[in-house]
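Every chain is numbered from 1, with letters handed out A, B, ... down the list of sequences.
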Amino acid sequence: MTEEIRVRYAPSPTGHLHIGNARTAIFNWLFARHYNGKFIIRIEDTDTARNIADGEKSQLDNLAWLGLDWDESPANPGEYGPYRQSERNEQGIYQPFIDELLAKGLAYKSYKTTETIAAEREAQQAAKQAPHYVYEYEGLTNDQREAKYAEFEAQGLKPVVRFRVPEEKVYAWDDIVKGHIEIGAKEVGGDWVIQKADGMPTYNFAVVIDDHLMKISHVLRGDDHVSNTPKQIMIFEALGWHVPKFGHMALIINGETGKKLSKRDENLLQFVEQYHELGYQPQAMVNFIGLLGWSPKGEDEIFSLEAFKDMFDEKRLSKANAKFDQKKLEWINNQWMRRDLDHVMPQLIQELVNADLVSAADAETKKEWLAEVIKVAGVEGISYTREVVELVRQPFFELGDMTDEMVDYLTSDDGRKVFSAWESAYTALPESATAEDYMTTIRSIQNTLEIKGRNLWNPIRIATTHQIQGPNLPEMLVVMNKQTILSTMAAVKAMYLN
RNA sequence: GGCGCCAUGGUCAAGUGGUUAAGACGUCGGCUUCUCAGGCCGAAAUCGAGGGUUCGACUCCCUCUAGCGCUACCA
């Protein structure tokens, strides 16, 4: 019998969707969809203090923006709900298993204060021992231990429940990405908490209960969970459950610090939302992330989610950490924008509205013209839509200041000759003149005056745009308003050429 | 410190005992003769180090080293 493939992405709503999380989600989605399995979203909100208001919504919104969909989640529960750990706890889903472990003597109540534990750890450090929890009921019978519980309860102490780690065991598994891994039970740091004093299960415990109850078959997650895995296997085994397959993907690390991406790194844009706001395309984000720590067979670099899904092969997941390369992301996004420019155009125009370069009304009525301006200005060179604002601002919506260098070109002997020849030629040209017409005109000035190169082009460019460099001038002239150009030229003439 | 993971160019990486060690980003150079952008062409690696195994190692083994991760009543 073949087991149904069910994988999950289980974020904790303590922040927005970060590149690293997005990657975990994407690869889980790819795994599920490639093998016709189910992709489930479960919210791990057992840390009530760190949950933030919109964390969950933001996570899901951004996932959807990336193009992912899911089969079960808090909003569309399947048969294994609820899908938030806090609600599962309220419904008492975890308690019976804690009670079971307690009853079997595999877990116990611990009343040690955090101060005591801290002091123990300090002493261990000082003695150059690895920090580990010290079992406080050593040698006591069950009854004696129960008596201790009563004693502590009478003092008003709140217990946590700790799992009694079988220290002599070695936990091993065949990792989907890393191969065989084994870790001795004594390395987990002693008996660990499965239920906090507030009654919430801890992460390593709740994960096991939920993965089992939700029939999760494969757990694909970050490398940083490798050392949690033995703890989790302990629980699966203690409860007599089948252990899912684990796969630990290499981490994405910050190129500057070399450390794993942290929400606290301010020097790097690392939330999906930030890229969304700058006008990165979701396909580009997926494309970039899909190539971090995974490689396709051929030499292509541009892939859609669908393409990744078809090609997906967990054996091609890389074992080594990958640095986040923003330059490559920019390039990939540029490729996606160019690939479907018509589709991106409304977004580009919207950027101009947001920047107050055009009104919302003009954005609609002049959209064809705006599209031309954007193309002429060189949209093929930008990395994300927000950049279009500075790309077109000058000279299409504002004129820049004249620099000394510009004035020199204009007021040189050649400049004066070129200007006056251009002035009469341009004035005579119809408004419908094409780029070829302008080119022909400029060439004829070149022939007549015998001036070429910068000395020819710069005076014209400067007089019409207040720029010394920019897109192809004939094309710009086509797109710019003739009256505006005429008055710009008149002003330049009045100011510098009299 | 302990345990675990890992190691091909600045970056992402292909490669699975015999190759001129793919490709992409970035960088640099050239061309595209108004500039910018774009496009095109081109350049740059003794595969972390040292030992093995082998006729032959980037590829297999060992040691070392570097890097990363974990070491919570966080997830």
Sugar-phosphate only, base, or nothing, as touched by D45(A) at under 4.0 Å among non-hydrogen atoms: nothing
Atom-to-atom span, CG of L329(A) to P of A13(B) - whole angstrom: 14 Å
Nucleotide of A75(B), C36(B), C68(B) approaching K196(A) most closely (side-chain heavy atoms): A75(B)
Exercise: identify the closest heavy-atom pair between P459(A) and V418(A): CB-CG1, 4.0 Å
Rounded distance in Å - CG (L317(A)) to P (C5(B)): 17 Å
Touch class at under 4.0 angstrom, heavy-atom based, for N458(A) against every strand present: nothing
Spacing of the C1' atoms in A45(B) and U27(B) (rounded, Å): 15 Å
Candidates U11(B), C73(B), C68(B) - which lies nearest the side chain of K323(A): U11(B)
For atom NZ of K231(A) and atom P of A75(B), their distance in whole Å: 11 Å
Y133(A) six-ring centre to K112(A) NZ/CZ under 6.0 Å and within 45° of normal: yes
Closest to the P131(A) side chain, choosing from G1(B), A75(B), A14(B): G1(B)
Chi angles and distances behind the salt bridge (Lys or Arg N to Asp or Glu O under 4.0 Å) call for E398(A), R393(A): CA-CA 6 Å; E398(A) 292 169 14; R393(A) 184 186 293 277; 3.0 Å; yes
Ring-on-base stacking C25(B) with W331(A) (under 5.5 Å, under 30°): no
Mutual orientation of the aromatic rings belonging to F324(A) and Y275(A) [parallel < 30°, tilted 30-60°, perpendicular > 60°]: tilted
Spacing of the P atoms in C60(B) and C73(B) (rounded, Å): 40 Å
Check: N228(A) side chain, A75(B) base, donor-acceptor under 3.5 Å: yes
Atom pair distance, as rounded to whole Å: CD1 in I302(A) and C1' in C12(B): 13 Å
Sugar-phosphate only, base, or nothing, as touched by R42(A) at under 4.0 Å among non-hydrogen atoms: nothing
Parallel, tilted or perpendicular: rings of Y149(A) and Y111(A) (30°, 60°): tilted
Sugar-phosphate, base or nothing in reach of A197(A), heavy atoms under 4.0 Å: base
Sugar-phosphate only, base, or nothing, as touched by L456(A) at under 4.0 Å among non-hydrogen atoms: nothing
Sugar-phosphate only, base, or nothing, as touched by K260(A) at under 4.0 Å among non-hydrogen atoms: sugar-phosphate
Sugar-phosphate, base or nothing in reach of P159(A), heavy atoms under 4.0 Å: nothing
F271(A) and H16(A) aromatic ring geometry - parallel, tilted or perpendicular at 30°/60° bounds: perpendicular
Distance test, side-chain N/O of K328(A) to OP1/OP2 of U11(B), below 4.0 Å: no
d(CG, L391(A); C1', G38(B)) in whole Å: 12 Å
P gap between C3(B) and A57(B), integer Å: 33 Å
Side-chain N or O of R50(A) closer than 4.0 Å to phosphate OP1/OP2 of C73(B): no
Which nucleotide in C73(B), C68(B), C5(B) has an atom nearest any side-chain atom of L251(A): C68(B)
Parallel, tilted or perpendicular, as decided by the 30° and 60° cut-offs, for the rings of F308(A) and W294(A): perpendicular
R461(A) to W457(A), cation-pi by 6.0 Å centre distance and 45° axis angle: no
Test: K231(A) cationic atom under 6.0 Å from W192(A) six-membered ring centre, within 45° of axis: yes
Separation of U71(B) P from H132(A) NE2 (nearest whole Å): 17 Å
Aromatic contact, Y135(A) with Y108(A) (centres under 6.0 Å): yes
Touch class at under 4.0 angstrom, heavy-atom based, for H225(A) against every strand present: base
R454(A) side-chain N/O to C36(B) phosphate OP1/OP2 under 4.0 Å: no
Distance test, side-chain N/O of R121(A) to OP1/OP2 of G1(B), below 4.0 Å: no
Sugar-phosphate, base or nothing in reach of Q195(A), heavy atoms under 4.0 Å: nothing
Proximity to the side chain of K178(A) - top-ranked nucleotide from G26(B), A13(B), C5(B): C5(B)
Closest nucleotide among G4(B), C12(B), C25(B) to the K327(A) side chain: C25(B)
Shortest side-chain distance from A322(A), nucleotide among U11(B), A13(B), G39(B): A13(B)
Paired nucleotide for A43(B) [Watson-Crick or G-U wobble; both distances under 3.5 Å]: U27(B)
Contact under 4.0 Å: T14(A) side-chain N or O vs A75(B) OP1/OP2: no
Nearest-nucleotide 5' precedence on RNA chain B, V226(A) against W457(A): V226(A)
Integer angstrom distance from the C1' of G42(B) to that of A66(B): 35 Å
Sugar-phosphate only, base, or nothing, as touched by G189(A) at under 4.0 Å among non-hydrogen atoms: nothing
E187(A), nearest nucleotide to its side chain (from C3(B), A24(B), C6(B)): C3(B)
Minimum-distance nucleotide to E299(A) side chain [options: G23(B), U35(B), C73(B)]: G23(B)
Paired nucleotide for C68(B) [Watson-Crick or G-U wobble; both distances under 3.5 Å]: G4(B)
Mate of C55(B) where both pairing distances stay under 3.5 Å, Watson-Crick or G-U: G18(B)
Base partner of U63(B), which must satisfy Watson-Crick or wobble distances under 3.5 Å: A49(B)
Partner nucleotide, any strand, of G38(B) [Watson-Crick/G-U, under 3.5 Å]: U32(B)
Below 4.0 Å: OP1/OP2 of A75(B) and any side-chain N or O of T46(A): yes
Touch class at under 4.0 angstrom, heavy-atom based, for L291(A) against every strand present: sugar-phosphate
Distance in angstrom units between K186(A) NZ and C70(B) C1', rounded: 16 Å
Any-strand Watson-Crick or G-U partner of A75(B), both distances under 3.5 Å: none
N/O (side chain, R461(A)) to phosphate O (OP1/OP2, U35(B)) under 4.0 Å: no
Residue D47(A), side-chain atoms from C-beta onward, closest of G4(B), C34(B), C74(B): C74(B)
Sugar-phosphate only, base, or nothing, as touched by K452(A) at under 4.0 Å among non-hydrogen atoms: nothing
Interatomic distance, L292(A) CG vs A13(B) C1' [rounded to whole Å]: 11 Å
Touch class at under 4.0 angstrom, heavy-atom based, for V193(A) against every strand present: sugar-phosphate
Touch class at under 4.0 angstrom, heavy-atom based, for R221(A) against every strand present: nothing
